[in-house]
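Report on one structure; see the data block that follows.
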Amino acid sequence: MSYRGYEAVIGIEIHVQLNTQSKMFCSDSTQFNAGDNENTSPVSVGMPGTLPVVNKKAIEFAIKTGLALGCQIRKKSVFARKNYFYPDLPKGYQISQYDQPLCEHGTITFKVGDQQKTVSITRAHLEEDAGKSNHQGDFTMINYNRAGIPLLEIVTGPDMRTPQEAAEYGRTIRQIVRYLGVCDGNLEEGSMRCDCNVSVRKAGSEKLGTRTELKNINSFRFVEKAIEYEIERQIDMVERGEKVLQETRLWDPDKNKTFTMRSKEEAQDYRYFPDPDLLPLIVTEELIQRMKADLPELPIARKNRFVAEHGLPEYDAGVLTAESDLAQFYEETAKVSGNFKGASNWIMTELLRELNNNNLEINDSPITPKNLGLLIGMIDKGTISGKIAKAVFLDMWKDKKSPEEIIKEKGLVQISDPSTVEKIIDEVLTANAQQVEDHKTGKKKNLFGFFVGAVMKASKGQANPEVVNQILQKKLNG
Ligand code: ADP
Ligand code: MG
């Protein structure tokens, strides 16, 4: 992709907040809605003499994520101190990992439009979060609830070339961590934070240009817009003969612009060194194998299986595997109904529409997969027509009843018995003697549809359309 003869280079760092019950190095709760500074202890506010203890669950979540990203898991990794001063960082350093991260050398492949894109994962390392400053007039309040919450920082190589690839990469990571259940993926609440590094170079050049870092963008749509803006801004600078400064910039979604936050530190400014309070982290092969065995089927594999096993179009498979709970719902519905495409159609149109209109998640659906599967089965068996099924579906949504109950209560069973259908047809033909005459003499064309409609209406939509068609054909055209 060329922008006015330039190529964009993008690398992304995503901080994933691991949803453990307690913090990375102490037992403080991680609960999101706690009152200010309720989730703190001498460890998380950095009192002298306190010592960190590693959270086992966080290690397990990090290994799982690393495996899902095709990373090698280091048997020995090291926690390091990243030193800098900031009020929300009470110890004066952040415990992170530096030259020996837990996970490294992974790759991830995803689709951007119809193109496959593979991005290398340089590393994924564990670290602790900082607190949050709250500026109010002349004062700054600090809330340390977040200080010490475990983060997994996932870092890519400078492998992306367009804003669309960057946004799709972010969506893919979000989908994976949600499938794994290690993070809720909520960008607005900050459980996932995305920093995009962007530089430009003359098309064809191998040398990397100076990058800027766009920090903490809280939606993937904004990731795309911010990078788009940044590419143009940098090209303008280069064209004017100016130098791009290595700096951290923020995205202003109202103005559609990025602006300077601070000039960026280099690694040596942080004076990294191994944290003497923590032993190196030793991971056994047994633990790695246990985490591997515990991995769920990942989104891409599941999507491919839906195409191969259930014969679904790729588009359907993509929608249905977007969330693991939705994919689960689909599989149960398909199993009960025995109709893979039917289950997909009903979920993708009727169910997702109602969920969307009512702002509900799939797990809040008042219709269970079993009942939806039964409904689809009843259409396939001819018990009810597709049209009546739509009305039954809405009743199921309202009353949380099974389709049998609703059909019984409302007397909606489809009429397929030929003699009963014939009786209705005869009544309709008698009542429309003039039209029958016109049809027979060929005075009016295309009256057949009119009769079908009249019969369906007379039967309150319950006559089996196929049977209606057959008998009408015989009576009118036979
Ligand atoms: P730091 O930790 O100081 O932010 P890293 O070397 O870890 O720096 O790189 C951070 C991210 O920036 C990585 O995703 C990397 O791929 C990306 N990156 C590095 N150099 C460039 C560049 N010149 N252009 C675009 N992205 C870059
Ligand atoms: Mg960084």
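Atoms within each ligand, like the ligands themselves, are counted from 1 in listed order.
Trp346 has its ring centre less than 6.0 Å from the ring centre of Phe393.
For the pair Pro158 and ligand 1, the shortest N or O to N or O distance falls below 3.5 Å. For ligand 1, none of its N or O atoms has an N or O atom of Val155 under 3.5 Å away.
Listed by chain and number, the residues in a side-chain hydrogen bond (donor to acceptor under 3.5 Å, both in side chains) with Thr333 amount to none (sequence neighbours excluded).
A ring-ring contact (aromatic ring centres under 6.0 Å, His included) with Tyr272 is found for exactly one of Tyr84, Phe79, Tyr98, namely Tyr98. Among the candidates Thr212, Val198, Ile235, the single residue satisfying the side chain to side chain contact (heavy atoms under 4.5 Å, CB included) test with Val244 is Thr212.
The atoms of ligand 1 that sit less than 4.0 Å from any heavy atom of Gly157 are 16 (O). Residue Ile12 approaches ligand 1 through these ligand atoms, each under 4.0 Å from one of its heavy atoms: 14 (O).
A salt bridge does not link Arg146 to Glu128: none of the charged nitrogens lies less than 4.0 Å from a carboxylate oxygen.
The list of salt bridge (charged side-chain N to carboxylate O under 4.0 Å, His left out) pairs with a residue in residues 52-64, not counting sequence neighbours, reads Lys57-Glu60, Lys64-Asp294.
At a heavy-atom cutoff of 4.0 Å, ligand 1 is contacted by both the backbone and the side chain of Thr156. When heavy-atom distances to ligand 1 are checked against a 4.0 Å cut-off, Asp195 has no atom that comes that close, whether in backbone or side chain.
Counting heavy atoms only, Arg211 comes closest to atom 8 (O) of ligand 1 of the residues Glu213, Arg211, Glu13. Among Gly11, Gly209, Cys196, the residue whose heavy atom lies nearest to atom 23 (N) of ligand 1 is Gly209.
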